[in-house]
There are 2 protein chains.
Amino acid sequence: MNELFGQRNHTPLYVEVRDTVLGRISTGAWKPGEMLPSESAIGQELGVSQGTVRKALDDLAAQNVVVRRQGKGTFVAEHTAERALFHFFHIETNANTRALPTNSQVYSCRRRKADKTEIDALKLDRDARIVEIKRVREMAGEPAISETVIVPAALFADIDKRTLNDVPNELYQLYEQKYGITVHRAVERVRAVGASDIDAKLLGKKPGTPLLEIERIAETVDGRPVELRVSRCLTEGRHYVSTIV
Amino acid sequence: MNELFGQRNHTPLYVEVRDTVLGRISTGAWKPGEMLPSESAIGQELGVSQGTVRKALDDLAAQNVVVRRQGKGTFVAEHTAERALFHFFHIETNANTRALPTNSQVYSCRRRKADKTEIDALKLDRDARIVEIKRVREMAGEPAISETVIVPAALFADIDKRTLNDVPNELYQLYEQKYGITVHRAVERVRAVGASDIDAKLLGKKPGTPLLEIERIAETVDGRPVELRVSRCLTEGRHYVSTIV
DNA sequence: GAGTGGTCTAGACCACAGA
DNA sequence: CTGTGGTCTAGACCACTCT
């Protein structure tokens, strides 16, 4: 027990430490890319031993909230292009090499009231407004993904077609750098659907062509959903990968 | 340093301990469901401190190799029906409730030489033989999944249609209990395909209906691939879930 | 009460990065 | 050289389970 976390409670100390650190990261007191104070410094500040801080930080490292580098320090995780792609983009070629989206064309970006699905998925108020972004992404030089991205208008003040086409592929870097929103975790729901007339046209295929539909809800580190994304993908010569451990 | 793990090397002690324990599990010296010796007993045997054993076991617990229960002990993980379904079966209804396969009909089980794909996926010898199991699984009372399962004949000596229909759904429990093979980890590759004539017939749909094809390669705890499985699923009112952390 | 894992501490030493 | 995280130890006490 110690002076900061107060009286008798049955929450382990390292959990309190972990949540304190997590809080500072999610409020932005410690920003992506920044180095945290050393283990002993945090321990001194919070009145716990270095070993307890270590356990707290190990937990956060296991959840990819921080990154530890021996000899250098502990850093708040950030969305490099590499992380965004390797961590969040799960399509690869049938030869099991990572397939990278090469190009992306935003053909629509508009603001409107959220519909019921969007309100549910993003936990919005009834009259909340959203930004709807539609784009086609290419892989290996061919249109491959027809994608609709929905974000709450309240969080993404000035986002527009031009902003988006300047930063073509890595939306999550844009979110982090321009809007201070770090996507930390996502749930993807995957279905097989037939291409609609619109999708068929965008992807240069016949209506009814089987497409992989990936619906993603992305959350920040404190669990707020901040993006709903539906991607319809051609999976000729490609597939979606998931590892079960 | 200590007497068992010998001279100067730069492998951390806890890694040696972890690998020793893992070895005993994968050779079957410690079997699924059994309790391991206590941390201090393992420490004494291997000549390391209890804290080092703890770190090794924590690692294994994080990988689901062992399960720790406070006050009881540390146990080798096993395939309960619950674990098989919740951990390895990733289809749920659109209401986000876990969809359970209710029934399963094996309509073919034969032995033959492995083809090239199978040799690659299961890392078999050129002339190895496999067992090919074909079945249809129902969900909510309707045929929903057309599945082909390939396992190396060498590992599954007497498997046949009757064995399979006696243990309808949970193959992994069967593998573990009858053949001493524990599936630990799997990679799934997911595509959208159109139903073939055969799949269409089995699932009661028209040829060309979009199906979700899930190709799974399952491994034991020591990384040997032991099963190749291709499931073609109807995803009307259902979807495949994957969480990215 | 005895035995298990879970938390917490304090301190020693190692490995790595960078000035 | 200093400061960082990484490993390892020894020992105290807590929380849970079972008898």
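Letters go in sequence order (proteins before strands), and every chain restarts at 1.
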Given the options A/F86, A/Y179, A/F88, A/H79 meets ring-ring contact (aromatic ring centres under 6.0 Å, His included) only with A/F88
Should A/T74 be listed as having a side-chain N or O under 4.0 Å from OP1 or OP2 of D/dG5? yes
Whole Å only: how far is the [atom1] atom of [X] from the [atom2] atom of [N]?
| X | N | atom1 | atom2 | value |
| --- | --- | --- | --- | --- |
| B/R18 | D/dC8 | CZ | C1' | 16 Å |
| A/L36 | D/dG3 | CG | P | 19 Å |
| A/Q44 | C/dA10 | CD | C1' | 14 Å |
| A/Y14 | C/dC8 | OH | C1' | 12 Å |
| A/D58 | D/dT7 | CG | C1' | 12 Å |
| A/I42 | C/dC8 | CD1 | C1' | 17 Å |
| A/L13 | C/dA10 | CG | P | 12 Å |
| B/E39 | D/dA10 | CD | P | 15 Å |

Earlier contact from the 5' end, DNA chain C, for A/G51 and B/R68: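 With B/R68 and A/G51 compared, the 5'-side residue is B/R68.
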For DNA chain C, whose closest nucleotide is more 5', that of A/T52 or that of B/R54?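 The answer here is B/R54.
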First of B/K55 and B/Q50 reached from the 5' end of DNA chain D, by closest nucleotide: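 Going by which nucleotide is closer to the 5' end, it is B/K55.
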What contact category does A/S40 fall into here, base, sugar-phosphate, or nothing, at under 4.0 angstrom with non-hydrogen atoms? nothing
Would you mind classifying the nucleic acid contact of A/R69 as base, sugar-phosphate or nothing, using non-hydrogen atoms under 4.0 angstrom? sugar-phosphate
From the options [options], select the nucleotide whose nearest atom is closest to the side chain of [X].
| X | options | value |
| --- | --- | --- |
| B/V48 | D/dT7, D/dT9, D/dC18 | D/dT9 |
| B/K72 | C/dT4, D/dC8, D/dT17 | D/dT17 |
| B/Q70 | C/dT7, D/dG6, D/dA15 | D/dA15 |
| A/M35 | C/dA10, D/dT17, D/dT4 | D/dT4 |

Side chains of residues 21-30 of chain B: which donor-acceptor pairs under 3.5 Å do they make with residues two or more places apart or in other chains?
{"from": "B/R24", "atom 1": "NH1", "to": "B/E45", "atom 2": "OE1", "distance (Å)": "3.2"}
{"from": "B/R24", "atom 1": "NH1", "to": "B/E45", "atom 2": "OE2", "distance (Å)": "3.3"}
{"from": "B/R24", "atom 1": "NH2", "to": "B/E45", "atom 2": "OE2", "distance (Å)": "2.7"}
{"from": "B/S26", "atom 1": "OG", "to": "B/L22", "atom 2": "O", "distance (Å)": "3.2"}
{"from": "B/S26", "atom 1": "OG", "to": "B/G23", "atom 2": "O", "distance (Å)": "3.4"}
{"from": "B/T27", "atom 1": "OG1", "to": "B/G23", "atom 2": "O", "distance (Å)": "3.1"}
{"from": "B/T27", "atom 1": "OG1", "to": "B/R24", "atom 2": "O", "distance (Å)": "3.3"}

Are A/Y240 and A/E92 linked by a side-chain donor-acceptor pair shorter than 3.5 Å?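 The answer is no; no qualifying pair exists.
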Taking the six-membered ring of A/F75, is the NZ or CZ of A/R69 close enough (under 6.0 Å from the centre) and on axis enough (within 45°)? yes
Salt bridge check, A/E219 against A/R224: does any charged N sit closer than 4.0 Å to a carboxylate O?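 The answer is no: the pair does not qualify as a salt bridge.
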